[in-house]
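Okay, handing you the structure first.
Just so it is clear, the structure is predicted and the values come from calculations on it, not from any experiment.
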Amino acid sequence: MAEFQCRFCLATFLSKNQLFRHLRESHGAPDSERAEAPKPFLGRPDRNVRPMLLGDPIRVSSPDMPRSILDAFNRRARQEPPILRMPSRKLREEVPWDEIKFAWEKGLLWGISVGTKNTFQKEDQERWLEMLESSNTEERDILLSPLQPELNPDLLVVALRMLKVATYHDLFRFARGTWNGQDGADKWKACAEQSLERVRIRSLRPGCAEVKLKEVESGASKLDLFNYEAFTFSFLQRVNGETFQCLGSIAESMYHFTEQCPVHVSVCYDLIQKAIQSGDIVPLSNGYDGRDSRLRVTLASNRDPQIRVLWRERSGASSNGDERVPEDHVHNQRRIREVPLDSLVPTAASHQAAECQQTYGGSFVRGLCKNWMRNSCHWGDECKYVHLQETPRNGCPLPDGLAEACAISDAELKDALWKNMKKGHLRTPLLELLDSLRKKRDDQEIFQMLQDEIRKENLVLLVAASSAEKAYYWQNEVLQHVASAIHDSEVCVLVSPVLRKPPASLMECLMAHCRQELLSPSYLHLRRVCFSCFALRIQSDGITKLAKYVGYFVNRPDHTKQKSSWKVCCHGIKFQNKWAPSYNIAQRKQDMESFIGSSFRVAHNDIGM
């Protein structure tokens, strides 16, 4: 049976109730004088202690590695919390410099550049030690670790002391960044399964598992990174404008080049991650070369401070700030906006962010208060989240219609296309479009306007013809001379807008289209229709949000996680038929000619041919 221990007098009890009764009767109720007293240990007594290491966690197979270097790294690895990489200057205090140079020249050490000014560049890596010895500066250094140590249970325990809880792939990435380890996730899995007396393995889903040490949780509260915001940006202000080799280079520089760093090196990684999220540290990779891991610190120097707010599109909040997201719309993408201080209701979060922004030129991203969005926040000025001056809006945050969804400049053209989209006609025949636009202008002006929109890539054109050769010919011809296609009775040009983001009622248009064409409204079909008709790339989560906005629901067959087979459904309407093209080529050709002929006859009298 589990036992619980009092940290005041070390007495043990069989239940929590007995422990709490003992605390009240023997030690009294907690008051201000006992605020700094240790909390009672609500776990098992001292028989479940942190597992001891059986040997040296750092083991290298090469006989050329000096023993003094291995001993120095093993002493640091046994510390609590462990230190796995050492600056060359600190290592030089324990190991002769000649042995460090020998191990570096033999390729037995792995290093990254750290510092606060003019850190070493990756292309000069072979000469780092020479450059460090000749520079005689304390503003930069090399962080050293053994290259690719052998995988063993003690090394697994050390890694878990750093990561607390990790998957096999997390362990692989951690070893790759720390020692340039090449052991894959399968080898870490085998090592963990051989160390079941020291670690716990918890399956998350098929093919993925978490590993943690067999130790009692400390019960300490979760570390609040916002308490170290000023410390983070005070360091980033020192290195503003500097380029670092990688994320680890900045985090390790923060830890080793700050006097009496208040956090462990693993927390420095989390702090740098939040600074990257806020945009104060930007990657130099162009998106095509994944090997470029360099980062640059770029703090703002604006006089009017703006804090960065993170929210989802579903929140419905609006702002004049710029969105730090690409133009291709992902419907539920988290967005970061810069909000001026006069648009905020003063809270603890906004005050701390504004003070840090004014002092250091940067701050962490804050989140919008969920209770404020429901008009029910009771924390007021003490809230740890952001409140805006404007009242939160309910319902769909996306505007309806094509006014803001596309870049077409002509308002009448937008109205004509949107009117047909609401009926389920996602593509509008060119002749029908001409008929609706002739009320206020002649054909020459209309064709000139359409040609301008085509040149700006604001329209999607599809040519339907009686033969593949004719369709191929006119598909290239209409891009140059759209007016030439209206006189051929065997050709029909279909027009649809290019959408930058979906209108609020786009799902109603898609469902009406599926009902008319007898299509199954599966996620796969809907995503293909959006890309084919509107050149809109939308994720599966975006389909779900659009469906819920207009009152539809999602059917997950057999609770499968394959979203391509999910379907959008609405009450009272059933989709029992699924259209498929006929295998009879003659019948398909006849259907195409009938469609083109009907589209041509609708506007034949209006055109005057």
Measure across Ala349 and Lys384 and return the closest heavy-atom pair with its distance rounded to 0.1 Å.
->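 For Ala349 versus Lys384, the nearest heavy atoms are CB-O, 3.2 Å.
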Determine, for Arg238 against Glu139, whether the closest basic-nitrogen to carboxylate-oxygen distance falls under 4.0 angstrom.
->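 No, no charged N to carboxylate O under 4.0 Å.
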Shortest non-hydrogen contact between Ile307 and Ala353, atoms and distance =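 Result for this residue pair: CG2-CB, 3.8 Å.
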Gln125 versus Phe120: any side-chain heavy-atom pair under 4.5 Å?
->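 Side-chain contact under 4.5 Å: no.
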Would you find a donor on one side and an acceptor on the other, under 3.5 Å apart, between the side chain of Glu242 and the backbone of Asn118?
->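 Judged by distance alone, yes, a pair lies under 3.5 Å.
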Has the side chain of Asn152 got a donor or acceptor atom that lies under 3.5 Å from a matching backbone atom of Pro57?
->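 The answer is yes, because a donor-acceptor pair under 3.5 Å joins these two groups.
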Is the number of heavy atoms from other residues, nucleotides or ligands within 6.0 Å of CZ (Arg296) greater than 12?
->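 Not buried by this count: 12 neighbours or fewer within 6.0 Å.
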Are Lys90 and Asp141 within salt-bridge range, i.e. N to O under 4.0 Å?
->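 Salt bridge flag = no for Asp141 with Lys90.
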Within the side chain of Thr119, is there an N or O that forms a donor-acceptor pair under 3.5 Å with the backbone of Phe244?
->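 The answer is no, because no donor-acceptor pair under 3.5 Å joins these two groups.
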Minimum heavy-atom distance Ala159-Leu171, with the two atoms named =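 Closest approach of Ala159 to Leu171: CB-CD2, 4.0 Å.
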For residues Val60 and Leu147, determine if any side-chain heavy atom of one lies less than 4.5 Å from a side-chain heavy atom of the other.
->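 SC-SC contact between Val60 and Leu147 ruled out.
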Does any non-hydrogen side-chain atom of Tyr255 lie less than 4.5 Å from one of Leu143?
->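 Heavy-atom side-chain distance check fails, nothing below 4.5 Å.
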Near His264 NE2, under 6.0 Å, is it more than 12 heavy atoms from other residues, nucleotides or ligands?
->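 Counting other residues, nucleotides and ligands, NE2 of His264 exceeds 12 neighbours.
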Would the number of heavy atoms belonging to other residues, nucleotides or ligands and lying under 6.0 Å from OH of Tyr385 be above 12?
->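 Result for OH/Tyr385: open.
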For the salt bridge (charged side-chain N to carboxylate O under 4.0 Å, His left out) test, which of Arg200, Lys189, Arg202, Lys164 pairs with Glu210?
->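 One option only clears the test, and that one is Arg202.
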So, does Glu150 use its side chain to make a donor-acceptor pair with the main chain of Arg59 at under 3.5 Å?
->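 Checking the backbone N and O of Arg59 against the side chain of Glu150, no donor-acceptor pair under 3.5 Å is found.
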Any donor and acceptor pair, going by atom type alone, linking the side chain of Gln352 with main-chain N or O of Phe226 inside 3.5 Å?
->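 Yes.
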Return the set of residues passing side-chain hydrogen bond (donor to acceptor under 3.5 Å, both in side chains) with Glu99 (not counting sequence neighbours), or none when no residue passes.
->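 With sequence neighbours excluded, Glu99 shows a side-chain hydrogen bond (donor to acceptor under 3.5 Å, both in side chains) to Ser68, given in chain and number order.
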Verify, without hydrogens or angle tests, whether Arg366 (side chain) and Val386 (backbone) share a donor-acceptor contact under 3.5 angstrom.
->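 Such a contact is absent between Arg366 side chain and Val386 backbone.
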Carboxylate-amine/guanidinium contact Arg78 Asp154, below 4.0 Å |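 Salt bridge flag = no for Asp154 with Arg78.
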Specify whether Trp128 and Trp104 have parallel, tilted or perpendicular ring planes, treating 30° as the upper limit for parallel and 60° as the lower limit for perpendicular.
->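 Parallel, since the angle between the ring planes stays under 30°.
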Considering residues, nucleotides and ligands other than Trp379, do more than 12 of their heavy atoms fall under 6.0 Å from its CH2?
->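 No, CH2 of Trp379 has 12 or fewer neighbouring heavy atoms, counting only those of other groups under 6.0 Å.
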Neighbour count above 12 (heavy atom, 6.0 Å) for Lys274 NZ |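 Result for NZ/Lys274: enclosed.
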Polar side-chain atom of Ser249 near backbone of Ser113 as donor-acceptor pair, under 3.5 Å |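 Present.
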Ala175 to Trp188 - nearest heavy-atom pair and separation |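 Nearest heavy atoms, Ala175 then Trp188: CB-CZ2, 3.6 Å.
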Considering non-hydrogen atoms only, spot the tightest contact between Asp183 and Phe172 and give its length.
->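 For Asp183 and Phe172, the tightest heavy-atom pair comes out as O-CD1, 3.0 Å.
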Under 3.5 Å donor-acceptor, Ser350 side chain and Pro346 backbone =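 A pair under 3.5 Å: no.
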So which heavy atom on Ala72 is nearest to which on Glu94, and how close?
->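 In terms of heavy atoms, the two residues are closest at CB-OE1, 3.5 Å.
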Set of salt bridge (charged side-chain N to carboxylate O under 4.0 Å, His left out) partners for Arg67, sequence neighbours left out =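 Partners of Arg67 by the salt bridge (charged side-chain N to carboxylate O under 4.0 Å, His left out) criterion, ordered by chain and then number, come out as Asp56, Asp71.
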Around atom CZ of Arg127, are there more than 12 heavy atoms of other residues, nucleotides or ligands at under 6.0 Å?
->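 At most 12 heavy atoms, drawn from other residues, nucleotides or ligands, come within 6.0 Å of this atom.
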side-chain hydrogen bond (donor to acceptor under 3.5 Å, both in side chains) against Asp170, all qualifying residues, sequence neighbours excluded =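 Per chain and number, Asp170 pairs via side-chain hydrogen bond (donor to acceptor under 3.5 Å, both in side chains) with Thr167, Arg173.
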